[in-house]
2 protein chains.
Amino acid sequence: EPVEPPVATPKIQKPYVLIGAGTASFAAAQAIKEKQPDANVIIIGNEEYAPYMRPPLSKELWFSEDPEVAKTLVFKDWQGTERNTIYQDVSHYEVIEDASGSDLQTDKIKLLLNKQVAKLNVEDHTITLADGSKIYYNKVLLATGGAPKSLPGQDGKSDKVTTFRTVNDFKKLDQIAKDGAHIAVVGGGFLGSELAVALAKRGEKEKLTVTQVFPEEGNMANVFPSYLTKWTTTRVRKLGVDVQTDSAIKDIKTDENNKVVLDLGNDKQVVADHVVVAVGIEPRVDLARDAGLEIDEKRAGVVVNAELEARTDVFAAGDMVSFHDVQLGRRRIEHHDHAVLSGRHAGENMVGGAKPYKHQSMFWSDLGPEIGYEAVGLVDAQLSTVSVWAKATAKDTPAAAAGTEAESPRSAPNAGPAGETTKAVASTNPFKDEKFGKGLVFYVREKQIVGLLLFNVFGKVQEARDIIDAGYTTEQIDGLLKKFNLHEDSH
Amino acid sequence: EPVEPPVATPKIQKPYVLIGAGTASFAAAQAIKEKQPDANVIIIGNEEYAPYMRPPLSKELWFSEDPEVAKTLVFKDWQGTERNTIYQDVSHYEVIEDASGSDLQTDKIKLLLNKQVAKLNVEDHTITLADGSKIYYNKVLLATGGAPKSLPGQDGKSDKVTTFRTVNDFKKLDQIAKDGAHIAVVGGGFLGSELAVALAKRGEKEKLTVTQVFPEEGNMANVFPSYLTKWTTTRVRKLGVDVQTDSAIKDIKTDENNKVVLDLGNDKQVVADHVVVAVGIEPRVDLARDAGLEIDEKRAGVVVNAELEARTDVFAAGDMVSFHDVQLGRRRIEHHDHAVLSGRHAGENMVGGAKPYKHQSMFWSDLGPEIGYEAVGLVDAQLSTVSVWAKATAKDTPAAAAGTEAESPRSAPNAGPAGETTKAVASTNPFKDEKFGKGLVFYVREKQIVGLLLFNVFGKVQEARDIIDAGYTTEQIDGLLKKFNLHEDSH
Ligand SMILES: Cc1cc2nc3c(=O)[nH]c(=O)nc-3n(C[C@H](O)[C@H](O)[C@H](O)COP(=O)(O)OP(=O)(O)OC[C@H]3O[C@@H](n4cnc5c(N)ncnc54)[C@H](O)[C@@H]3O)c2cc1C
Ligand SMILES: Cc1cc2nc3c(=O)[nH]c(=O)nc-3n(C[C@H](O)[C@H](O)[C@H](O)COP(=O)(O)OP(=O)(O)OC[C@H]3O[C@@H](n4cnc5c(N)ncnc54)[C@H](O)[C@@H]3O)c2cc1C
Ligand SMILES: NC(=O)c1ccc[n+]([C@@H]2O[C@H](COP(=O)([O-])OP(=O)(O)OC[C@H]3O[C@@H](n4cnc5c(N)ncnc54)[C@H](O)[C@@H]3O)[C@@H](O)[C@H]2O)c1
Ligand SMILES: NC(=O)c1ccc[n+]([C@@H]2O[C@H](COP(=O)([O-])OP(=O)(O)OC[C@H]3O[C@@H](n4cnc5c(N)ncnc54)[C@H](O)[C@@H]3O)[C@@H](O)[C@H]2O)c1
């Protein structure tokens, strides 16, 4: 009788392990699956949600009319398209419960939530979960993002002084911002400024009082040139925020009425029901450091090369990575689009790409529906700048411009399927007679244009990117302006 | 008639291209061939010699009795073993004449001399020679070493003001140092101090006058603690060198007698027949920079990770590499043993090792036959130090100790076959009554021992290495001393 050859049970390959269930890991997982559909991919995250985008948490979600928004997490982007903050429902993933799931045969991306990765061993090719179980990896991506910094003296003080980064942070603040309270926001950067404006907007209905406190001379002072910072601060005030500039927090106390008292020195105080601390992030590099990977002393991220590779089979992406930008030099970037692009790129290189990460990411911010800016490259108030301004028209607001920006992550931060697009919000011209209604700021290092801020100028990110990639010098700015139609007539 | 299947002509694999025919490339080539004997390995160098070691050029070759030493390049190491400065005669290599040789089938390591690599293209996997021809590589090693720095105002001044790095530089200086001339050495570091002492030694026969000029307070001031610098300077003076400390060169001129005049300011001058400039090196990173690789702004080398990899298939080793030392942090090292070890390590990783470079290299220097030191780790006068001294005996000189140091690169800088060992030079005790005859200097950063200098203490490099690897703190020094038998009786 002929002996049947035993059916070879295909041994499942060791997984691509993506640490951190944020934007960078999500983008990496998609890229790996596109290039290698049968890849065993596991995303491990310590939050309770499937990967989601953070930008709406300080913007669109606050403008929602839906009282259930904190449950649905659905928002309308500026184009009116409904989107969910969570990229994909968990049903799209193979949700696994523990390390043993790494052997499971499935075509889906695996998702292991509520788990802390406690250790990385790059020599053994293993990660260890907080419960002690191990997963052997094929390649690993570090995408652990950043942890919000606290104010000195904040820790354990009170549940009334909180940081803001996650969906759960949004849910909590959404509750607090419903009862006519006084909310103080500490920090004048991206998050502090966006949140202060968003809370003020909600305050129109809920009778919130919103104070913003920070040590700089105005909003976004670390990014904008001084005059633009000052102008922007006047706009933020007009939107209803009590902006306290030049104010460092000397002390934080709670008083007898259970209010939080921020002592600003010189007898100045802010007494609030709740304080949101938005004073920057610290990249989460403990795992990497303990694994013996290099930490960039200057920029605080884990060091990788231009291919986003730290060591053989070890990659990193997103907020926590210090990478070599072939065009602009070593950088770390804390923005959504970079998390998407570097995540994708790392994913591609994990399946053999071996390419440098050269695509210049962009970022954007909106301070309410009437001021928006986008930027590419090094945009830092420490650099010298050359700027060009024009009269803004009714078209020159993020709300009005949205329909024209099909390829901007601003209008579609999600890599998912595009939804229906309704017409843009109709708007009047809020900038008549304003000095800085609309303009370009070129950031310059050793005569070379290294960054470009598009202030209420929309749909021009690719042009900006081309300028950075080409390495133009300041002498060439004049000739470059025509790409931007700054002085186009308003209609 | 049956048709013979065509004999498959085996297509030769794309080569491992090692740029720079120095120590690092030589070591890498050996390692690659050990791991993969049929590998196609090409060393390309712009000098006319097969790979050679530089240490004897400022030491042993000057002590040779052979008038033909500049032709033979043969020297006796401290053990009396005859060695050649050139690691292996060219006959051991397959010498190729141009880029087309990269396709040649041979088991030997290929050697392409007198050729400048003009371009590296890491995306195409090619290098281009100065003659325009290209070689496609499989993997590439950058091992271009460093170029000696010049003094401001030196360039084109005179063939009487020269730098010193190559065999040809040795041959030239050997000629010049034969006619009773006055030679000034500028620089108080490794090369300047060794050469000054070597020239003074030759001066005993050839009636040379030797002056050494540098801005620091003594010899090796950037490495030694201040008191040891001062003490060493007195020893260098005793060996016949006129050491001019605290002297910066204000100007270089040639006078009517065709002498070189070094103006030291304050009416101080040194008038010499020849000036050797030894003011440090600049790592040769142009190829790397033009290829878009990252250059370490602080340490000036090409940036690689702990595996000595800059990008996929691109490695670097030796003087020109800024690497991540997992134990001590990012470093660049300009010493022979590091060139050997990092070259070997890069070679192993080029054939798939993927291991971090963790072996702590050592370095050594001798100031004549009676003072020698060896060191491991970060040895920098900027660090704080803890040192322990003991009375030296006649055994405690590099000459006397040589026989005990079988595994030290000092006694066998060559990875080649070991020669005959004759008995050590007999010596009397030159250190009676000396304060710093023999001792250990621990270099400390944030309480951790990060470097260890063994001053006239020999055969203890492995002990030093273990201490650095273990990350001991200053509190533990007491317990560590017993490893070194510092106070052993003299016989
Ligand atoms: C409120 C808010 C609004 C923003 N708006 C914008 C915007 O408008 N435009 C813009 O460009 N950028 C914006 N950003 C920045 C942007 O969201 C970040 O740059 C981006 O989220 C970075 O993605 P990431 O994947 O690197 O990290 P993250 O999104 O932080 O994801 C990392 C994840 O890893 C988890 N994790 C960390 N360590 C471990 C571990 N050991 N084990 C398991 N899981 C771990 C973390 O909990 C987290 O869930 C905003 C940020 C915030 C907070
Ligand atoms: C005189 C002297 C004495 C020394 N003594 C000691 C000692 O006692 N102990 C110690 O530890 N260290 C010593 N050193 C230092 C030690 O020699 C160096 O650290 C070591 O040589 C570095 O090796 P490398 O292979 O990195 O570079 P190198 O030895 O400099 O080799 C690099 C080679 O690449 C060639 N090259 C560069 N660019 C190109 C190109 N584009 N195309 C083709 N070829 C190129 C260069 O010409 C050179 O031949 C000494 C150095 C000198 C100069
Ligand atoms: N549109 C966007 O791109 C966007 C929007 C929101 C958040 N984010 C990201 O989220 C993260 C958090 O944002 P962020 O605004 O906290 O960081 P940030 O780095 O943008 O701003 C930090 C701010 O903290 C303030 N600050 C620092 N130390 C302080 C102190 N001791 N007391 C008071 N104020 C102090 C300063 O005002 C400074 O502007 C960042 O990575 C940011 O890039 C980005
Ligand atoms: N035993 C060894 O390890 C050894 C021996 C010889 C050479 N080398 C290596 O060879 C290379 C060259 O040696 P080196 O001694 O030139 O370099 P070095 O870095 O050891 O010393 C540089 C010296 O240059 C001097 N200097 C700097 N700028 C000056 C100026 N403007 N005017 C006058 N003096 C100035 C200073 O005295 C300084 O000590 C180095 O990489 C060195 O490590 C090593």
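Each chain gets a letter, A, B and so on, in the order the sequences are listed, and its residues count up from 1.
Salt bridge present: Arg332(A) and Glu334(A) bring a charged side-chain N and a carboxylate O closer than 4.0 Å. Salt bridge status for Glu294(B) with Arg289(B): absent, with no side-chain N to carboxylate O gap under 4.0 Å. Note on Glu309(A) versus Arg311(B): no salt bridge recorded, every NZ/NE/NH1/NH2 to OD/OE distance being 4.0 Å or above. Salt bridge status for Glu34(B) with Arg344(B): present, with a side-chain N to carboxylate O gap under 4.0 Å.
Checking side-chain atoms of Asp296(B) against main-chain N and O of Lys298(B) turns up a donor-acceptor pair under 3.5 Å. Between the side chain of Ser25(B) and the backbone N or O of Gly22(B), no donor-acceptor pair lies under 3.5 Å. Under the 3.5 Å distance criterion, the side-chain polar atoms of Glu307(B) are matched with a main-chain donor or acceptor of Thr312(A). Not one N or O on the side chain of Asn121(A) forms a donor-acceptor pair closer than 3.5 Å with the backbone of His125(A). Asn40(A) places no side-chain N or O within donor-acceptor distance of the main-chain N or O of Lys14(A), the cut-off being under 3.5 Å.
His345(B) and Phe315(B) have their aromatic ring centers separated by at least 6.0 angstrom.
Proximity to chain A (any heavy atom under 4.5 Å) is restricted, for Leu293(B), to the backbone atoms N, CA, C and O. Heavy-atom distances place the side chain of Glu297(B), and not its backbone, under 4.5 Å from chain A. For Gln327(A), no part lies near chain B; criterion is any non-hydrogen pair under 4.5 Å.
Legend: residues meeting side chain to side chain contact (heavy atoms under 4.5 Å, CB included) with Ala470(A), ordered by chain and number and at least two apart, are Tyr472(A).
Between His335(B) and Phe363(B), the ring planes are parallel. Angles under 30° get that label, and only those over 60° would be called perpendicular.
Using non-hydrogen atoms only and a strict 4.5 Å limit, the part of residues 348-356 of chain A facing chain B consists of Ala354(A), Pro356(A). Interface residues of residues 376-386 of chain B toward chain A, defined by a heavy-atom distance below 4.5 Å: none. At a heavy-atom cut-off of under 4.5 Å, chain B is reached by no residue from residues 132-139 of chain A.
Leu308(B) and Ser342(B) get closest at one heavy-atom pair: CD1-O, 3.3 Å. Closest heavy-atom contact between Ala291(A) and Val122(A): O-CG2, 4.2 Å.
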